[in-house]
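To keep things clear, I will list the structure first and then write my remarks on it.
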Amino acid sequence: MVIVVDFDGTLALGDTSDIPSMKANISLVNILNAMYEDGNEINIVTARGAKSCRNEKEREAKYFDTITSWLIENNVSYNKLSFKKVYGDVYFDDKCINVKESLTYSLLDSRFTDNKVRRINNFVVKRSKSSVSEYKWYKHASNFVLTAEVLS
């Protein structure tokens, strides 16, 4: 079986601007290592640099060594590291919606900050005009609900 695992936000957690400081998702690492030992192919993928770099070669040149070092340091067993989407039987990704479930789409725009908030099933995407606007939204929302910790 081919297992495809997203790097940022799935396997590596925390401040994405500093790869070495990111923490390993230990439960996922343990599962992947067991799957690797069982003979499955583990492919790590990342979109890192997709916005800031001109092409895949530039992305690889900029991030391949740093991510590889992180994977080794965190004892992640894997076969390949890729900077493009690759074939897989199973995908582990934090930005994923299972289309086999019924789909719902809701507009939840914030009147407080003008943030654009969209919900598809239990997946929420929020866009802000600035990081200050984002901070205001989380500060305000934390008065009413448990909010996620903003790491970057």
Side-chain angles (χ1 to χ4, degrees), residues 1-36 40-56 58-101 103-106 108-110 113 115-139 141-142 145-152:
M1 189 164 36
V2 178
I3 312 300
V4 179
V5 184
D6 176 52
F7 182 74
D8 291 304
T10 302
L11 184 58
L13 307 173
D15 182 358
T16 58
S17 68
D18 183 20
I19 295 172
S21 74
M22 295 178 78
K23 304 295 181 206
N25 181 340
I26 299 299
S27 60
L28 181 55
V29 170
N30 291 337
I31 289 168
L32 294 175
N33 288 346
M35 294 176 91
Y36 181 87
N40 296 291
E41 182 176 332
I42 308 297
N43 295 326
I44 311 300
V45 298
T46 184
R48 182 175 282 273
K51 290 182 181 178
S52 62
C53 297
R54 291 180 296 238
N55 55 49
E56 187 179 334
E58 186 178 330
R59 292 166 59 202
E60 279 192 46
K62 188 171 182 180
Y63 296 112
F64 186 87
D65 290 343
T66 306
I67 292 174
T68 299
S69 295
W70 187 95
L71 292 165
I72 292 167
E73 182 178 317
N74 287 281
N75 300 310
V76 178
S77 300
Y78 70 101
N79 298 89
K80 291 184 225 168
L81 170 60
S82 176
F83 287 79
K84 62 182 175 184
K85 187 172 183 176
V86 296
Y87 168 79
D89 295 303
V90 176
Y91 291 85
F92 288 88
D93 196 326
D94 62 318
K95 296 183 177 180
C96 165
I97 297 170
N98 186 344
V99 296
K100 293 181 180 178
E101 299 172 3
L103 298 174
T104 59
Y105 182 71
S106 306
L108 305 169
D109 292 351
S110 170
T113 62
N115 289 342
K116 302 296 180 200
V117 183
R118 302 295 184 264
R119 179 178 178 174
I120 304 171
N121 291 3
N122 289 324
F123 189 81
V124 177
V125 177
K126 182 165 55 65
R127 294 217 183 254
S128 300
K129 293 179 182 178
S130 69
S131 58
V132 173
S133 176
E134 191 71 4
Y135 171 79
K136 285 174 55 181
W137 187 91
Y138 275 97
K139 185 165 178 63
S142 68
V145 296
L146 180 62
T147 60
E149 180 182 3
V150 177
L151 298 174
S152 63

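Atom set for the values below is all heavy atoms of this structure, side chains included, hydrogens, waters and symmetry mates excluded. Here, residue 1 is the first one in the sequence, and each next residue gets the next number.
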Please list every donor-acceptor pair under 3.5 Å in which a side-chain atom of residues 62-70 meets a protein atom from a residue at least two apart or in another chain.
| residue | atom | partner | partner atom | Å |
| --- | --- | --- | --- | --- |
| Thr68 | OG1 | Phe64 | O | 2.8 |
| Ser69 | OG | Asp65 | O | 3.0 |
| Trp70 | NE1 | Met22 | O | 3.0 |

Heavy-atom donor-acceptor pair, Asn43 side chain to Val4 backbone, under 3.5 Å:
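Pair absent, no side-chain N/O of Asn43 close to backbone of Val4.
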Does Met35 offer a backbone N or O that forms a donor-acceptor pair with the side chain of Asn40 under 3.5 Å?
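Pair found, side chain donor or acceptor close to backbone of Met35.
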Tell me, please, which residues at least two apart from [X] pass salt bridge (charged side-chain N to carboxylate O under 4.0 Å, His left out).
X      : answer
Arg119 : none
Arg59  : none
Asp8   : Arg48
Glu56  : none

Among Leu11, Ile42, Thr10, which residue satisfies the side chain to side chain contact (heavy atoms under 4.5 Å, CB included) criterion with Phe92?
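With Phe92 as partner, Leu11, Ile42, Thr10 yield a single side chain to side chain contact (heavy atoms under 4.5 Å, CB included), made by Thr10.
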Name the residue from Ile26, Leu32, Leu28 that meets the side chain to side chain contact (heavy atoms under 4.5 Å, CB included) definition with Asn30.
Ile26
Any side-chain heavy atom of Val29 within less than 4.5 Å of one from Asn75?
no
Evaluate the criterion side-chain hydrogen bond (donor to acceptor under 3.5 Å, both in side chains) for residue pair Ser21 and Asp15; output intermediate values, then yes/no.
CA-CA 7 Å; Ser21 74; Asp15 182 358; 5.1 Å; no
CA sep, side-chain torsions, deciding dist, call: Tyr91, Asp89, side-chain hydrogen bond (donor to acceptor under 3.5 Å, both in side chains)
CA-CA 7 Å; Tyr91 291 85; Asp89 295 303; over 6 Å; no
I need the full list of salt bridge (Lys or Arg N to Asp or Glu O under 4.0 Å) pairs touching residues 72-82, with sequence neighbours left out, sorted by first then second residue.
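Sorted pair list: Glu41-Lys80.
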